[in-house]
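Per chain, numbering begins at 1; letters A, B, ... match sequence-line order. What you see below is based on every heavy atom in this structure, not just the backbone, and it leaves out hydrogens, waters and symmetry mates.
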Number of protein chains: 2
Amino acid sequence: MPLSDFDQRRNNILRLIVEAYVATAAPVGSEFIARKLRPAVSSATIRNVMSELEAMGYVEQPHTSAGRVPTERGYRFYVDAVMDQRRLPSDQLQQLAVAIEPGELDVAQLLERAGIALAELTQLGVFVVAPTVRHSKVRQIELVPLSVRKLLCVLIANEELIASHVVELEQPLSREEASALARFLNEELGGQPFEGLIDSLQRRLLAESDSFYYMVKRSLDILQHALSTEPSERLLWEGTSYLVAQPEFAGHPRRTHDLLRGLDTQAPLVERLRQDLAGRGVHVRIGHEIALPHLEACSYVTASFGIGPAAIGGIGVLGPTRMDYPQVRATVEATARCVTELLTRWEQGW
Amino acid sequence: MPLSDFDQRRNNILRLIVEAYVATAAPVGSEFIARKLRPAVSSATIRNVMSELEAMGYVEQPHTSAGRVPTERGYRFYVDAVMDQRRLPSDQLQQLAVAIEPGELDVAQLLERAGIALAELTQLGVFVVAPTVRHSKVRQIELVPLSVRKLLCVLIANEELIASHVVELEQPLSREEASALARFLNEELGGQPFEGLIDSLQRRLLAESDSFYYMVKRSLDILQHALSTEPSERLLWEGTSYLVAQPEFAGHPRRTHDLLRGLDTQAPLVERLRQDLAGRGVHVRIGHEIALPHLEACSYVTASFGIGPAAIGGIGVLGPTRMDYPQVRATVEATARCVTELLTRWEQGW
DNA sequence: ATTAGCACTCTATCTAAATGAGTGCTAATG
DNA sequence: CATTAGCACTCATTTAGATAGAGTGCTAAT
């Protein structure tokens with residue numbers, strides 16, 4: 001359904017309000033819009049449209065004689081239907097590529113760099129949900145005896161993910177036993193997802209009373225210890241200082257404190273992010289849509305990255321609700337694409 | 001040299017000023033001190049002593065008709081000569097032990113927990129300088145072939161420190177070669193500090209043209225790659241939100257921003273901390289003594305922890321210059337001791 | 001439907017005065 | 001001679017009132 005001329009103009013005015021407010025953080029008056037809008041109309045007309053927008057719940061007034069400020073619904077509509085999809089300027093794309101490129105071979109470091117670059121570009125907070133072995137599949141498992149009762153269990157997953165854990169053994173394990181066990185593990189478990197490993201071994205332990213019983217039992221002991229301390233996601237943060245410099249927080253110690261507290265205790269946020277990152281593509285959550293009490297004054301834009309089509313992690317920008325959505329969106333998307341490209345090229349090098 | 005009665009009283013008044021200011025963050029007047037000081041004297045006498053303290057540079061007035069505020073010199077004198085060494089109340093010690101104890105076998109996690117507990121107890125910022133393999137000695141090196149041209153190099157150091165790096169090989173390495181190389185590495189390098197490993201191998205490469213040349217050359221390639229991305233220290237942060245809630249920062253967005261920026265870019269701070277942590281014992285740095293422009297409004301209290309007598313890392317509290325030094329000192333010291341005890345007991349389990 | 005004009009509202013800013021906490025000085029005291 | 005009561009003085013903070021100005025909503029004209 002095409003937009004009527006009126007709707008067209010209404011949307012344009014909403015766009016101007018949002019963009020002016022994003023730029024200045026001050027309520028936007030009709031006079032200001034009248035000077036910008038093409039085709040030009042008088043400020044009185046703008047006022048009429050503005051009260052229409054207010055009736056629709058897209059803007060509101062801090063007080064009777066102030067200009068308009070976008071509501072969360074307003075931002076939502078702006079993001080969904082009004083803003084134009086910007087592409088990242090090529091110089092910034094360049095900057096991004098340079099910042100990430102320097103080819104040290106470590107996913108975690110690559111992601112950290114990407115995060116820093118993204119924070120730099122957007123001047124906002126950045127989080128990276130980094131993949132860990134847990135959500136991936138067994139490529140190889142190595143058991144390195146450290147002493148008779150201690151073992152280093154090295155879990156190697158696809159996507160260059162590695163975790164190692166020291167496991168304290170209840171019964172001593174000889175060097176030969178260890179390598180036999182490792183061989184067993186790799187033959188039996190190779191390619192299986194780490195996530196279900198314990199369950200599947202436990203089932204097998206019950207079902208089977210065969211010659212492998214001992215092997216399964218010992219594997220279970222070791223992997224249970226090793227996986228119990230292995231997080232399913234790691235969250236990186238960058239650019240906190242940019243974030244608190246935003247006017248939304250600068251003058252509001254309480255809000256700043258809330259924000260940082262929300263960042264200190266990451267668990268609920270990770271949970272929320274996981275949902276958004278499940279599908280590929282860019283997601284925008286605005287204000288209360290985040291549904292975390294500490295982050296009500298914020299919005300975020302996320303994109304997942306991966307290897308080829310499979311998503312293995314995500315990166316996003318957290319800022320005040322009043323943020324430059326077109327720019328942030330473009331930058332987040334470009335960063336995620338950049339990371340995906342690098343990881344994919346890399347994976348092919350295996 | 002014993003203190004004269006006058007010096008005694010002067011110091012007591014300084015103590016009261018510091019402690020009142022720490023508690024309230026407001027300048028301290030003579031009347032207030034007069035009510036607290038025993039043996040009691042009039043506020044006029046206090047005023048005389050106060051101007052004496054001011055002449056000595058221990059306190060100052062924000063403006064002519066305000067009470068006194070301790071200067072950095074004042075805090076320094078207080079910490080060195082006036083404050084009494086408090087011991088941590090046993091319930092808090094208990095809380096600390098419980099928070100750290102839960103026996104998962106991972107130095108990094110232990111330290112993170114200790115950091116969180118310390119931040120909780122002091123309601124201030126906490127940093128932990130965590131040890132990494134680099135500053136320790138070779139216990140074992142394992143080479144796990146991932147493909148013909150990729151190798152996982154696992155560095156195991158004393159103190160349960162482990163690092164693993166994927167190394168891309170220029171020339172293929174067979175499984176047998178890899179295990180031969182690992183054997184060679186362990187025989188030749190075991191017990192040596194990781195720090196000087198590259199140098200010593202390089203020297204050996206020049207000196208020696210014997211049958212080991214090939215082995216040394218390949219080891220060098222691998223270790224160079226593996227160690228180049230290995231940091232010499234890892235810095236953990238906790239409790240940022242407590243810190244910015246302090247009145248020093250709450251109303252001062254610029255200072256808050258500076259602080260967070262100082263925490264974002266850690267390198268200079270780590271350098272400074274390294275010096276303080278070299279010797280065991282507790283160190284206090286006050287304001288400009290930190291000599292980092294972003295942290296001028298702060299002080300910190302550090303203590304090193306280790307295994308037995310050897311220091312391997314440090315933990316500390318960062319707060320506003322106006323902090324409760326006796327309490328923070330006691331808490332930091334107790335935490336460091338707790339960690340040391342745990343690590344030592346643990347190490348003996350090897 | 002649009003717009004010029006205008007009365008109205010409400011915040012932000014400014015000024016002036018009152019308040020009060022705290023000092024330094026002086027003279028009296030044991 | 002250290003101590004103290006008394007007092008004038010200073011200066012940040014608070015309070016109140018007046019002013020300015022930005023922006024609106026409404027009305028009547030086009």
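Proximity note for A/R47 (side chain, C-beta onward) versus C/dG24, D/dC11, D/dG25: the nearest is D/dG25. Out of C/dT23, D/dA2, D/dT4, the shortest distance to the side chain of B/F6 is found at D/dA2. In the set D/dT3, C/dT2, C/dC10, D/dT3 carries the atom at the smallest distance from any side-chain atom of B/R9. Considering only the side chain of B/E54, C/dG24 comes nearest among D/dT4, C/dG24, D/dG23. Candidate nucleotides C/dG22, C/dC10, D/dT4 were compared by shortest atom distance to the side chain of B/A44, and D/dT4 ranks first. Residue B/S42 has its side chain nearest to D/dA5 when only D/dA5, C/dT2, C/dA21 are considered. Comparing C/dG24, C/dT3, D/dT4 against the side chain of B/S51 picks out C/dG24 as the nearest. The side chain of A/M50 sits closest to D/dT24 out of C/dG24, D/dT24, D/dT4.
Of the nucleotides present, D/dA22 is the one that pairs with C/dT9 by Watson-Crick or G-U wobble criteria, both distances under 3.5 Å. Using Watson-Crick or G-U wobble geometry with both donor-acceptor distances under 3.5 Å, C/dA27 finds its partner in D/dT4. Across all strands shown, C/dT15 pairs with D/dA16; the Watson-Crick or G-U wobble distances both stay below 3.5 Å. Base pairing of D/dT30 is made with C/dA1, judged by Watson-Crick or G-U wobble geometry with both donor-acceptor distances under 3.5 Å.
Remark: A/E52 CD is packed, more than 12 non-hydrogen atoms of other residues, nucleotides or ligands lying under 6.0 Å away.
Taking side-chain N and O atoms only, A/T45 has no distance below 4.0 Å to OP1 or OP2 of C/dT2. Within the 4.0 Å cut-off from OP1 or OP2 of C/dT23, at least one side-chain nitrogen or oxygen of B/R68 is found.
Nucleotide D/dA2 holds its C1' atom 13 Å from the CD1 atom of B/I13, rounded to whole Å. Atom NE2 in A/H63 sits roughly 16 Å away from atom P in D/dG21 (whole-Å rounding). With rounding to whole Å, B/E60 atom CD is found 16 Å from C/dG22 atom C1'. B/I46 has its CD1 atom 17 Å from the C1' atom of C/dA21, to the nearest Å. Remark: P of D/dT3 and CD of B/E52 are 10 Å apart, rounded to the nearest angstrom. Atom P of nucleotide D/dG21 and atom CD of A/E31 are separated by 16 Å, given to the nearest angstrom. Atom pair A/L53:CG and D/dG23:P shows a separation of 17 Å (rounding to whole Å applied). A/I17 has its CD1 atom 12 Å from the P atom of D/dG23, to the nearest Å.
Remark: A/L273 CG to A/I315 CD1 distance equals 11.5 Å, nearest 0.5 Å.
Taking the six-membered ring where tryptophan is involved, the planes of B/W237 and B/F127 are perpendicular, since the angle between them exceeds 60° and thus also 30°.
Tested against B/R68 for a side-chain contact (heavy atoms from CB on, under 4.5 Å), the candidates B/S30, B/S51, B/P27, B/P62 yield a single pass: B/S51. Test A/L53, A/V82, A/V18 against A/F77 for side-chain contact (heavy atoms from CB on, under 4.5 Å) and you get one pass: A/V82.
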Show your working on side chain to side chain contact (heavy atoms under 4.5 Å, CB included) between A/T302 and A/R285 and close with a plain yes or no.
-> CA-CA 8 Å; A/T302 56; A/R285 275 196 190 262; over 6 Å; no
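Contact annotation for A/S30: backbone-only contact, meaning every heavy-atom pair under 4.0 Å involves sugar-phosphate atoms and none involves a base. Within 4.0 Å (heavy atoms only), A/Q61 reaches sugar-phosphate atoms of the nucleic acid but no base atom.
Heavy-atom nearest nucleotides on DNA chain D were determined for B/N48 and for B/T64, and the one closer to the 5' end corresponds to B/N48.
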